[in-house]
There are 2 protein chains.
Amino acid sequence: MRSQTELTDAFRDAGLKITPQRLLMFRLLEGNASHPTAEALYEVARREMPSISLRTVYQTLNDLASMGELLQIDLGSGPGRFDPNTEDHHHFICDDCGSIHDVQVDTEATLQADGLKVRSVEVVFRGSCATCVASK
Amino acid sequence: MRSQTELTDAFRDAGLKITPQRLLMFRLLEGNASHPTAEALYEVARREMPSISLRTVYQTLNDLASMGELLQIDLGSGPGRFDPNTEDHHHFICDDCGSIHDVQVDTEATLQADGLKVRSVEVVFRGSCATCVASK
DNA sequence: AGTTTTTCTGCAAAGGTTGTTATTTAGCAA
DNA sequence: TTGCTAAATAACAACCTTTGCAGAAAAACT
Ligand SMILES: [Mn+2]
Ligand SMILES: [Mn+2]
Ligand SMILES: [Zn+2]
Ligand SMILES: [Zn+2]
């Protein structure tokens, strides 16, 4: 995800207006490495702007995602997670605490695809994170 | 997934009864490489047993999954898919037609996990399947 | 400032799955 | 075989997450 000022320009270029709600979302997401849910962002946003609606949070997240500023991660169950880190990376999901960690994988996908045209590769590791391994 | 007779034993061992509904599910899943949804299985099942309920289909799928006889695959959106192929394999999802294909990947996951204890690796390829590439 | 256009909120509804419960059934013992 | 009992089924309600919709409100453009 780009900086607030760049996002402001990008939104205006896309014919979208800059509102306090959107600016707040930009701020909450910038550098956010927690892979939050919409609901989690909503709760934090409400502390600063009690009138904001969950609908608006989803709206802004969807706008950002469709502009390629955010990635959406779908774990098998539960709500989707949003990721402002759009660099090429993969995820490690802790089965114990649910935390999501960024991981780099040299994804040289040695797939002898029989006619399959690969457009993207997504790798999901599951297990226990360092914290949870320690507390066992 | 094991054969009907083996599943019958396994269910009985687990204190579960063998019912016509369950036998039908066993039969519909055996060797099924289409990665069907619960709903899809329900529709086929209804043709043979019109009184079967979607709830029972889900129940049996969940039972099989928790016994390790079935895998559940979650695409980003839409209903979950079930896979009686419990061998170590990964998936290729066609973005065009939604079909799911089994693929083998030498998953030597060169992850320099900082304290992360990996329990499973899931790789999802997306793109266009051979059929869809041809019809373009 | 007034007008237009977009966005916001609040709420209803959707899709997919699971919870609940009365009724039926499988498995077993008499 | 028959009856007993625990378990499974069907039907339906409720759930969770996300999206659709209808004014009310706010932003951008004269
Ligand atoms: Mn990430
Ligand atoms: Mn498969
Ligand atoms: Zn953890
Ligand atoms: Zn295809």
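All figures in this text were calculated on a predicted structure; none of them were measured in a lab. Numbers restart at 1 for each chain; the letters A, B, ... are given by sequence-line order, proteins then strands.
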Spacing between [X] atom [atom1] and [N] atom [atom2], to the nearest angstrom:
{"X": "B/Ile52", "N": "D/dA11", "atom1": "CD1", "atom2": "P", "value": "11 Å"}
{"X": "B/Leu61", "N": "D/dA8", "atom1": "CG", "atom2": "C1'", "value": "15 Å"}
{"X": "A/Leu24", "N": "C/dT9", "atom1": "CG", "atom2": "P", "value": "10 Å"}
{"X": "B/Asp9", "N": "C/dG27", "atom1": "CG", "atom2": "P", "value": "12 Å"}
{"X": "B/Tyr42", "N": "C/dG15", "atom1": "OH", "atom2": "P", "value": "16 Å"}
{"X": "A/Leu75", "N": "C/dG16", "atom1": "CG", "atom2": "P", "value": "19 Å"}

| Any side-chain N or O of B/Thr56 under 4.0 Å from OP1/OP2 of D/dA10? |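 Yes, within the criterion.
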| message | Using OP1 and OP2 only, check whether a side-chain N or O of B/Ser51 sits under 4.0 Å from D/dA10. | response |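 Answer yes for this pair, as a side-chain N or O of B/Ser51 is under 4.0 Å from OP1 or OP2.
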All N/O contacts under 3.5 Å from nucleotides 26-30 of chain D to the protein, with atom names and distances to one decimal?
unit_1, atom_1, unit_2, atom_2, d
D/dA27, N3, A/Lys17, NZ, 3.4
D/dA28, OP1, A/Arg12, NH2, 3.4

| task | Would you confirm whether A/Gln21, through its side chain, and A/Val57, through its main-chain N or O, come within 3.5 Å as a donor-acceptor pair? | result |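 No; zero donor-acceptor contacts below 3.5 Å.
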In residues 31-46 of chain A, what donor-acceptor pairs under 3.5 Å come from side-chain atoms, sequence neighbours left out?
unit_1, atom_1, unit_2, atom_2, d
A/Asn32, OD1, A/Ser34, N, 2.9
A/Asn32, OD1, A/Ser34, OG, 2.6
A/Asn32, ND2, A/Leu28, O, 3.2
A/His35, ND1, A/Ala33, O, 3.2
A/His35, ND1, A/Ile100, O, 3.4
A/His35, NE2, A/Asp83, OD2, 3.0
A/His35, NE2, A/His91, NE2, 3.2
A/His35, NE2, A/Asp102, OD1, 2.9
A/Thr37, OG1, A/Ala40, N, 2.9
A/Tyr42, OH, A/Arg46, NH1, 3.3

| query | Is A/Arg22 paired with A/Asp63 through a side-chain N to carboxylate O contact shorter than 4.0 Å? | reply |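 Salt bridge flag = yes for A/Arg22 with A/Asp63.
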| note | Contact string for nucleotides 18-25 of chain D, one letter per nucleotide 5' to 3', B = base within protein heavy-atom range under 4.0 Å, S = sugar-phosphate only, - = neither, reads SBBB----
| 4.5 Å side-chain heavy-atom contact, B/Asp96 and B/Thr131 |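 With C-beta onward as the side chain, the pair stays apart.
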| field | Side chain to side chain, B/Thr86 and B/Met1, heavy atoms closer than 4.5 Å | value |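 With C-beta onward as the side chain, the pair stays apart.
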| task | Return the set of residues passing side chain to side chain donor-acceptor pair (under 3.5 Å) with A/Asn62 (not counting sequence neighbours), or none when no residue passes. | result |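 For A/Asn62, no residue satisfies side chain to side chain donor-acceptor pair (under 3.5 Å) once neighbours in sequence are set aside.
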Side-chain donor-acceptor distances from residues 47-56 of chain B under 3.5 Å, at least two apart:
unit_1, atom_1, unit_2, atom_2, d
B/Glu48, OE1, B/Arg27, NH2, 2.9
B/Glu48, OE2, B/Arg27, NH1, 3.3
B/Ser53, OG, B/Thr56, N, 3.2
B/Ser53, OG, B/Thr56, OG1, 3.1

| field | With sequence neighbours excluded, residues passing salt bridge (Lys or Arg N to Asp or Glu O under 4.0 Å) with A/Glu30 | value |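 Per chain and number, A/Glu30 pairs via salt bridge (Lys or Arg N to Asp or Glu O under 4.0 Å) with no residue.
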| field | Step-by-step side chain to side chain contact (heavy atoms under 4.5 Å, CB included) determination, B/Thr19 to B/Phe11 | value | CA-CA 10 Å; B/Thr19 65; B/Phe11 266 59; over 6 Å; no
